Amino acid sequence: MDAIRYLLILSAVLFTIGAAGVLLRRNALVIFMCIEIMLNAVNLTFIALSRQLQSLDGQIFVFMVMAVAAAEVAIGLGIIVSIFRHRATTDVDDVSLLKG
Amino acid sequence: MGISHMTATPLETVLFIIFGAVAIAGALSVILARQVVYSALGMLVNFVALAAMYIMLSAEFLGIAQLIVYAGAIVVLFLFALMLVGGRRPAEQGRLSPGFAAAGGALAVIFLAEIAYLVARMTGVAGARGTVTPEAIAQTGHIQLLGATLLLDYILPFELASVLLLVGIVGAVALARARRRSQEE
């Protein structure tokens with residue numbers, strides 16, 4: 001059985017769910033969670049292909065993605081809380097100052 | 001091209017189906033939940049299922065790191081932010097315009113169909129095979145092999161990642177200070 005196909009399909013499904021969430025939800029926190037789900041789907045691809053190619057290079061990418069995700073969450077959630085303090089909303093449609 | 005050398009025992013297949021279904025269910029509950037706190041818990045389920053998947057793919061260290069960093073730190077940070085912005089309220093008022101919802105859903109379906117088509121047509125994974133077989137990992141240990149790769153071959157990205165984390169810490173502190181200053185005014 002070629003397990004790699006099923007792993008790639010699984011991570012494609014997870015990525016699609018995350019992308020659909022970013023497109024269809026308007027709560028900034030939920031959008032952020034969907035970005036995390038997409039990052040995780042890509043991590044799964046990296047690890048599956050790293051096993052397939054019998055090389056650890058892909059897993060280094062996963063390590064880096066985890067570091068970036070940690071920094072991103074720390075900053076991103078700080079920004080979301082700041083926006084909430086100023087405008088009492090976490091709805092991305094209400095944060096439209098830059099819209100012409 | 002052989003992709004057949006990556007074989008799975010029946011037990012692994014069953015576990016893959018279980019954890020895959022749990023991961024998909026967790027991800028779906030993130031985008032379908034009415035309250036943000038349930039979204040956060042769905043995300044936790046998704047992360048734990050993926051950690052199990054990583055361990056099954058003989059990436060033990062990354063599975064544990066996934067549990068600590070994602071299921072631990074990131075979910076807790078989300079729950080903290082949720083408490084600060086009031087998580088008990090429904091996530092969003094009003095409905096998305098039907099046209100936008102249909103367009104977003106259609107884009108997602110097209111994207112998935114495209115990848116499924118490519119994977120179905122795939123005949124193999126190109127590229128040279130390395131020497132890190134699951135047997136080698138079981139013999140030497142995943143942490144030792146990953147640590148050697150990280151600190152010998154990828155030392156510059158590793159150092160850059162630590163700089164990135166430092167910038168993240170400074171940025172988070174700067175955001176918190178700006179908030180306190182704006183409250184004092």
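Since the model is a prediction, treat every value here as computed from it, not as a measurement. Per chain, numbering begins at 1; letters A, B, ... match sequence-line order.
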Quick check on [X] against chain A: is it the side chain, the backbone, both or neither that has a heavy atom closer than 4.5 Å?
X: B:Leu145; answer: both
X: B:Ser58; answer: both
X: B:Ala128; answer: backbone
X: B:Ala120; answer: backbone

When [options] are compared by non-hydrogen pairs under 4.5 Å with chain A, the top option:
options: B:Leu165, B:Val75, B:Leu50; value: B:Leu50
options: B:Leu32, B:Val69, B:Ile115, B:Ile74; value: B:Ile74
options: B:Phe47, B:Phe111, B:Tyr54; value: B:Tyr54
options: B:Pro157, B:Ala116, B:Gly42, B:Ala73; value: B:Pro157

Tell me, do [X] and [Y] make a side-chain contact under 4.5 Å, heavy atoms counted?
X: A:Arg85; Y: B:Val85; result: no
X: A:Gln59; Y: B:Leu150; result: no
X: A:Leu44; Y: B:Leu57; result: yes
X: A:Leu56; Y: B:His142; result: yes
X: B:Asn46; Y: A:Glu36; result: no
X: A:Val81; Y: B:Phe80; result: no
X: A:Phe84; Y: B:Leu84; result: no
X: A:Cys34; Y: B:Val30; result: yes

Would [X] end up clustered with [Y] when hydrophobic side chains under 4.5 Å apart are linked, directly or stepwise?
X: A:Leu10; Y: B:Tyr117; result: no
X: B:Ile64; Y: A:Ile60; result: no
X: B:Leu77; Y: B:Val45; result: no
X: B:Leu164; Y: A:Val42; result: no
X: B:Met53; Y: B:Leu15; result: yes

Can you see which heavy atom on [X] is nearest to which on [Y], and at what distance?
X: A:Leu24; Y: B:Gly105; answer: CD2-N, 4.1 Å
X: A:Arg51; Y: B:Pro134; answer: NE-CG, 3.5 Å
X: A:Ala67; Y: B:Ala161; answer: CB-CB, 4.3 Å
X: A:Ser82; Y: B:Leu175; answer: OG-CD2, 4.1 Å
X: B:Ser39; Y: A:Val30; answer: OG-CG2, 4.0 Å
X: A:Ile47; Y: B:Ala59; answer: CG2-CB, 4.0 Å

Side chains of B:Gln66 and A:Asn43, donor plus acceptor under 3.5 Å
no
For [X], is it the side chain, the backbone, both, or neither that has a heavy atom closer than 4.5 Å to a heavy atom of chain B?
X: A:Val92; answer: neither
X: A:Ile75; answer: both
X: A:Met64; answer: side chain

Say whether, by atom type as modelled, one donor and one acceptor occur between the side chain of A:Arg25 and the main chain of B:Ile31 under 3.5 angstrom.
yes
Report yes or no: does A:Arg5 contribute a side-chain atom to a donor-acceptor pair with the main-chain N or O of B:Val119 at less than 3.5 Å?
yes
Pairwise distance CD(B:Gln35) to CG(A:Asn27) - rounded to 0.5 angstrom:
11.0 Å
Kindly compute the distance separating CG (A:Leu29) from CG (B:Leu82), expressed to the nearest 0.5 Å.
6.0 Å
Enclosure of B:Leu166 CG (heavy-atom neighbours >12, cutoff 6.0 Å)
yes
Do you know which of A:Ile31, A:Val68, A:Asp57, A:Ile80 has the most heavy-atom pairs with chain B at a distance under 4.5 angstrom?
A:Asp57
So which of A:Leu39, A:Ile9, A:Val22, A:Leu49 has the largest heavy-atom pair count under 4.5 angstrom toward chain B?
A:Ile9
Does the side chain to side chain contact (heavy atoms under 4.5 Å, CB included) test come out yes or no for A:Phe63 and B:Tyr154, once each step is laid out?
CA-CA 11 Å; A:Phe63 194 81; B:Tyr154 291 95; over 6 Å; no
Working note: A:Tyr6 + B:Thr13, criterion side chain to side chain contact (heavy atoms under 4.5 Å, CB included); need CA distance, chi angles, decisive distance, verdict.
CA-CA 10 Å; A:Tyr6 296 102; B:Thr13 310; over 6 Å; no
Please report the C-alpha distance between A:Leu7 and B:Phe16 in whole Å, then the side-chain angles of each, then the deciding distance to 0.1 Å, and finally whether the side chain to side chain contact (heavy atoms under 4.5 Å, CB included) criterion is met.
CA-CA 9 Å; A:Leu7 285 163; B:Phe16 171 78; 3.3 Å; yes
